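Written out below as structure tokens is the structure these notes cover.
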Amino acid sequence: MKKLYGVTTAMVTPITSDNKVDHGALADLTRMLVSKGVNCLYPCGTTGEMFRLSVAERKAVLETVVKASEGKVTVYSHCGAMNQEDTIELVRHAKDSGADGVGVVTPIFFIQNRRELEEYFVAVADSVPGFPVYLYSIPQLAMNDLPAEVAANIAKRCDNVIGIKYSYPDIILTTDYCNIKDGDFSVLQGCDRAMVGFMAAGCDGTVSGISGVFPEPFVAAYKAYAEGDLPKAQKLQKICVKFCDVLKRGANMSYYKEALKMRGINAGFMRKPQLDIEQAEILKLEAELETLCKESNISMKI
């Protein structure tokens, strides 16, 4: 089973002005990320506006990414949905479409107890025996966190549950996840601004939305870390943090899409009710990115 590792890029979903997925731009984005050296691709997640896409749209997005990536990188699709039936449908489609695995977020909005969380993930994993599944916890958005004991129980019951993406910067819980199955459990941290530190704590890498816009510093930092050059990795991580600070205002993916346009990828618009950022903010973003790119020796244009 292929695992997630290194720079796993959470991709935006390009949307046209008439509110359709732009598969041409999505293919361009996929090829750009592959060419820049990211290790894995992760479409249809939080960065990809997952709950603003229909089941059919999410299937089509994955198919485009799988085709455009040409088998050059690992591709996992996020398949968590608002109900268990849709989640299982998306997971089975991912297996059939040629993806390497899936991520599944905890049920959202309604509070779930431990038994409900465990049985949900077991049902989803059992629907695709032998196909890799990563749990996904982002409690600040989904309402439900995933206790390490529950994650361990799920992994014990389901051999194909091989890891977790955890998108909250809790070092204690992260290390608890790393100790599941005596350490044979893959952990990816969604806190990309601390990628190097979390890898030092035992994580296999980061799932990063910022790397979907500027993959260069993240790829360089991971390469340095993998080669054992910790001082270089730490230095490069500081550059990653600067890009995170510029692009993560308000957690509105419109910043990502506008920055991609500046780089030459037409990432389009946001799905309502999320709004695109206004022109004054776009101009401010462009000025800040131009300065940061110059300081970091990274080309603004792809």
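Bear in mind the structure is a predicted one, so any value in this text is a computation, not a measurement.
Considering only residues two or more places apart in sequence or on other chains, Phe218 meets the ring-ring contact (aromatic ring centres under 6.0 Å, His included) condition with none of them. When the ring-ring contact (aromatic ring centres under 6.0 Å, His included) test is applied to Phe214, the partners found at least two apart in sequence or on another chain are Phe243.
Salt bridge status for Arg31 with Asp28: present, with a side-chain N to carboxylate O gap under 4.0 Å. Salt bridge Lys294/Glu290: absent, no basic N to carboxylate O contact under 4.0 Å. Using a 4.0 Å cut-off between charged side-chain N and carboxylate O, Asp276 and Lys257 make no salt bridge. The residues Arg157 and Glu119 are annotated as salt-bridged, a charged nitrogen and a carboxylate oxygen being separated by less than 4.0 angstrom. Of the charged side-chain nitrogens involved, none lies within less than 4.0 Å of a carboxylate oxygen, so that Asp86 and Arg92 do not count as a salt-bridged pair. In this structure, Glu227 does not pair ionically with Lys232, as no charged nitrogen and carboxylate oxygen lie closer than 4.0 Å.
Under 3.5 Å, the side chains of Tyr136 and Lys165 contain a donor-acceptor pair of N or O atoms. Looking at Glu63 and His93, their side chains do bring a donor and an acceptor atom within 3.5 Å of each other. A donor-acceptor pair shorter than 3.5 Å cannot be found between the side chains of Ser186 and Tyr5. Asn144 and Thr106 share no donor-acceptor pair across their side chains, judged by distance under 3.5 Å alone. Side-chain atoms of Thr16 and Asp22 form no donor-acceptor pair, as typed in the model, at a separation below 3.5 Å. Tyr120 and Thr87 share a donor-acceptor pair across their side chains, judged by distance under 3.5 Å alone. If you check the side chains of Tyr225 and Gln237, you find no donor sitting under 3.5 Å from an acceptor. A donor-acceptor pair shorter than 3.5 Å can be found between the side chains of Ser211 and Thr9.
Distance CZ/Arg58 to SG/Cys79: 6.5 Å, rounded to 0.5 Å. Note that the CD1 atom of Ile239 and the SG atom of Cys293 stand 11.0 Å from one another [nearest 0.5 Å]. One finds the CG atom of Leu289 at 5.5 Å from the CG atom of Leu247 (value rounded to the nearest 0.5 Å). Taken from CG in Asp204 to CD1 in Ile164, the straight-line distance is 12.5 Å, to the nearest 0.5 Å. Within the model, atoms CG of Leu146 and CD of Glu149 stand 10.0 Å from one another, a figure rounded to the nearest 0.5 Å. The structure places CD of Glu286 at 10.5 Å from OG1 of Thr291, a figure rounded to the nearest 0.5 Å.
The ring pair (Phe, Tyr, Trp, His ring centres under 6.0 Å) pairs that include a residue from residues 142-169 are Tyr166-Tyr177, where partners are two or more places apart or lie in different chains.
Relative to the ring axis of Phe269, Lys261 places its NZ or CZ within 45° and under 6.0 Å from the centre.
More than 12 heavy atoms of other residues, nucleotides or ligands sit less than 6.0 Å from atom CD of Gln279.
Shortest non-hydrogen contact noted between Ala259 and Leu285 is N-CD2, 4.3 Å.
No side-chain heavy atom of Tyr42 sits less than 4.5 Å from a side-chain heavy atom of Ser77.
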